[in-house]
Protein chains: 2
Amino acid sequence: MRYSKTHKDETRLKLLSSSRAITKKGGFSVTSVDTLMSAVGMTGGAFYNHFPSKQALFQAVIEEEVENSREMLAGDEDSSDDHVIKWLRKYLSVSHALHPDEGCVLPTLGPEIARAGPEVRLVVEQGVKSIQKAWSARTEDSDAAWAIIAQCIGALALSRMVETDETRQEILHANLRVIEKHHLRKPDNQ
Amino acid sequence: MRYSKTHKDETRLKLLSSSRAITKKGGFSVTSVDTLMSAVGMTGGAFYNHFPSKQALFQAVIEEEVENSREMLAGDEDSSDDHVIKWLRKYLSVSHALHPDEGCVLPTLGPEIARAGPEVRLVVEQGVKSIQKAWSARTEDSDAAWAIIAQCIGALALSRMVETDETRQEILHANLRVIEKHHLRKPDNQ
DNA sequence: GTCTATAGCATGATAGAC
DNA sequence: GTCTATCATGCTATAGAC
């Protein structure tokens with residue numbers, strides 16, 4: 001045979017991985033199938049050997065992204081305060097704001113998720129609920145966990161809407177300070 | 001003449017107003033010029049008598065939305081605690097989450113703003129900075145003002161990504177409670 | 001000022017060669 | 001399993017009739 005047995009699987013993985021980055025940067029619906037396929041060195045027609053529709057790819061992208069986010073938090077063994085603060089500093093960083101392709105899906109594809117079908121939204125709901133549950137162990141109460149999640153998503157989204165780096169940094173740093181001050185469980189309470 | 005002198009102005013206003021609602025609901029880039037013009041009873045070609053390009057309409061939409069948001073807060077004379085809390089309850093409501101066409105632009109068109117040109121982002125930056133300044137008078141410090149803004153945007157965006165009404169309400173109410181508890185200036189401090 | 005018609009191109013998806 | 005070719009449709013934008 002012209003292609004190895006695992007070639008299709010490898011192609012699918014490469015396609016998914018590159019599509020995740022490209023669509024987080026530029027938006028999903030505005031990015032064409034041709035663009036996504038060119039990125040893995042193929043033409044548009046070959047796409048439909050891997051996914052039945054563009055919509056199916058969106059679902060797969062979101063599922064992988066949500067699972068990825070969950071692992072970075074919920075499945076994390078080192079839940080020390082120091083580690084949590086380090087994670088927050090990375091999330092609420094100018095570097096994260098300037099590189100949406102390598103970052104969290106929710107601030108960049110959020111509205112497209114909101115307009116998607118129930119299957120996609122259910123996946124996201126399960127994901128954020130499990131993240132909220134994981135955060136609750138480290139916050140003052142369960143409300144604070146939802147507050148941190150909303151604040152992280154909102155601050156990052158907002159920081160990308162402004163033009164100057166000064167304001168971008170001001171938004172991110174202010175939100176980081178507020179989370180550290182109000183929401184995180186204090187070390188002496190442990 | 002077949003059309004009154006003010007007809008063009010009226011059409012432009014109607015077009016802008018209906019485009020604001022339609023694109024906040026469905027997304028700007030995915031909505032066609034034909035769709036927007038049909039909504040005001042005209043065909044696609046007539047669009048270019050009012051705006052030089054679709055991108056120019058986007059800028060006009062964002063400018064009007066930002067100005068509208070600013071007026072609802074910054075230019076608000078009644079800045080009593082009661083009034084502020086009422087506003088927050090309305091913003092963080094299930095009704096707002098379910099009707100993006102009548103609500104705040106930032107949670108629904110945020111990523112499209114982030115991907116737009118510097119002109120659009122500058123307008124948004126000036127707008128949110130003036131909103132943050134207005135909030136600062138009612139919060140414990142200026143960081144808290146940024147936190148409220150980020151939390152509102154993030155909570156609303158997140159509440160629209162989940163499928164069930166239960167989770168939607170949980171997210172919104174939790175964030176409302178946290179803002180009331182931590183960030184607002186206490187009445188006895190006035 | 002609005003219309004129809006159309007250019008010119010990109011899109012999502014399919015069929016068949018290899 | 002991937003390719004090229006193609007379909008039908010959609011898009012932004014323009015030209016010219018009325």
Side-chain angles (χ1 to χ4, degrees), chain A residues 1-20 22-62 109 111-113 115-117 119-120, chain B residues 1-20 22-62 109 111-113 115-117 119-120:
Chain A
M1 59 184 68
R2 282 213 290 161
Y3 300 95
S4 75
K5 268 169 68 177
T6 59
H7 190 185
K8 184 172 181 178
D9 292 344
E10 288 168 8
T11 300
R12 194 195 139 102
L13 286 178
K14 262 203 305 188
L15 173 58
L16 238 176
S17 160
S18 91
S19 295
R20 285 166 62 188
I22 294 171
T23 61
K24 279 195 289 182
K25 187 181 181 74
F28 187 87
S29 50
V30 297
T31 306
S32 72
V33 170
D34 264 3
T35 301
L36 297 174
M37 292 304 283
S38 299
V40 292
M42 294 191 217
T43 31
F47 173 81
Y48 296 92
N49 289 323
H50 303 282
F51 293 96
S53 67
K54 202 193 174 194
Q55 169 62 27
L57 171 65
F58 183 65
Q59 179 147 358
V61 163
I62 300 300
L109 294 185
E112 300 201 61
I113 293 170
R115 295 172 193 126
E119 311 86 13
V120 174
Chain B
M1 60 183 71
R2 282 212 290 164
Y3 301 94
S4 74
K5 268 169 70 178
T6 59
H7 190 185
K8 185 173 181 179
D9 292 344
E10 287 167 10
T11 300
R12 194 196 139 102
L13 285 178
K14 263 203 306 189
L15 173 59
L16 239 177
S17 159
S18 90
S19 295
R20 284 166 62 188
I22 294 171
T23 60
K24 279 194 290 182
K25 187 180 181 75
F28 187 87
S29 49
V30 297
T31 306
S32 71
V33 169
D34 265 1
T35 302
L36 296 174
M37 292 304 284
S38 300
V40 292
M42 296 190 219
T43 35
F47 173 82
Y48 297 92
N49 290 321
H50 303 281
F51 292 95
S53 68
K54 202 193 174 195
Q55 169 63 27
L57 172 66
F58 183 64
Q59 178 146 358
V61 163
I62 299 300
L109 294 186
E112 300 200 63
I113 293 169
R115 294 172 194 126
E119 311 86 13
V120 174

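Since this is a predicted model, take the numbers as computed values, not measurements. These numbers come from the heavy atoms of this one structure, side chains and all, not from hydrogens, waters or symmetry mates. To find a chain, count down the sequence lines: A is the first, B the second, and so on, and within it residues start at 1.
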What I'd like to find out is whether the side chain of A:F51 reaches to under 4.5 Å of the side chain of A:V33, using heavy atoms alone. no
Please report, rounded to the nearest Å, how far the C1' atom of C:dA15 is from the CG atom of A:N49. 12 Å
What is the distance from CZ of B:F47 to P of C:dT6, rounded to the nearest Å? 23 Å
Using whole Å, what does the distance between atom C1' of nucleotide D:dC11 and atom CG of B:L57 come to? 15 Å
For a quick test of reading the model: is some side-chain N or O of A:S32 closer than 4.0 Å to OP1 or OP2 of C:dT11? yes
If I take atom CE in residue A:M37 and atom P in nucleotide C:dA10, what distance separates them, rounded to the nearest angstrom? 19 Å
Heavy atoms only: give me the nearest A:H50-A:R12 pair and the separation to one decimal. O-NH1, 3.5 Å
Write down the distance between CG (B:L36) and P (D:dC11), rounded to a whole number of angstrom. 10 Å
Nearest to the side chain of A:Y48, heavy atoms from C-beta on, is which of D:dA13, D:dC3, C:dA13? C:dA13
Report yes if some heavy atom in the side chain of B:F47 is under 4.5 Å from a heavy atom in the side chain of B:D34; otherwise report no. no
Go through B:V30 and A:E112 one step at a time and tell me if the side-chain contact (heavy atoms from CB on, under 4.5 Å) criterion holds. CA-CA 10 Å; B:V30 297; A:E112 300 201 61; 5.8 Å; no
Nucleotide nearest B:M42 (side chain, heavy atoms from C-beta), chosen from C:dG12, C:dC3, D:dC11: C:dC3
Take the protein atom CZ of B:F58 and the nucleotide atom P of D:dT12, then report the distance between them rounded to whole Å. 14 Å
Residue pair B:S19 / B:L36: nearest heavy atoms and the distance that separates them: OG-CD2, 3.8 Å
Select one nucleotide: of D:dT2, C:dA13, C:dT2, the one nearest the side-chain heavy atoms of A:H50. D:dT2
Of the listed nucleotides (C:dT4, D:dT12, C:dA13), which one gets closest to any side-chain atom of A:K54? C:dA13
Nearest to the side chain of B:A46, heavy atoms from C-beta on, is which of C:dC3, D:dT2, C:dG12? C:dC3
D:dG1, OP1 or OP2 - any side-chain N/O from A:T11 closer than 4.0 Å? no
Over how many whole Å does the gap from A:F51 atom CZ to D:dT2 atom P extend? 12 Å
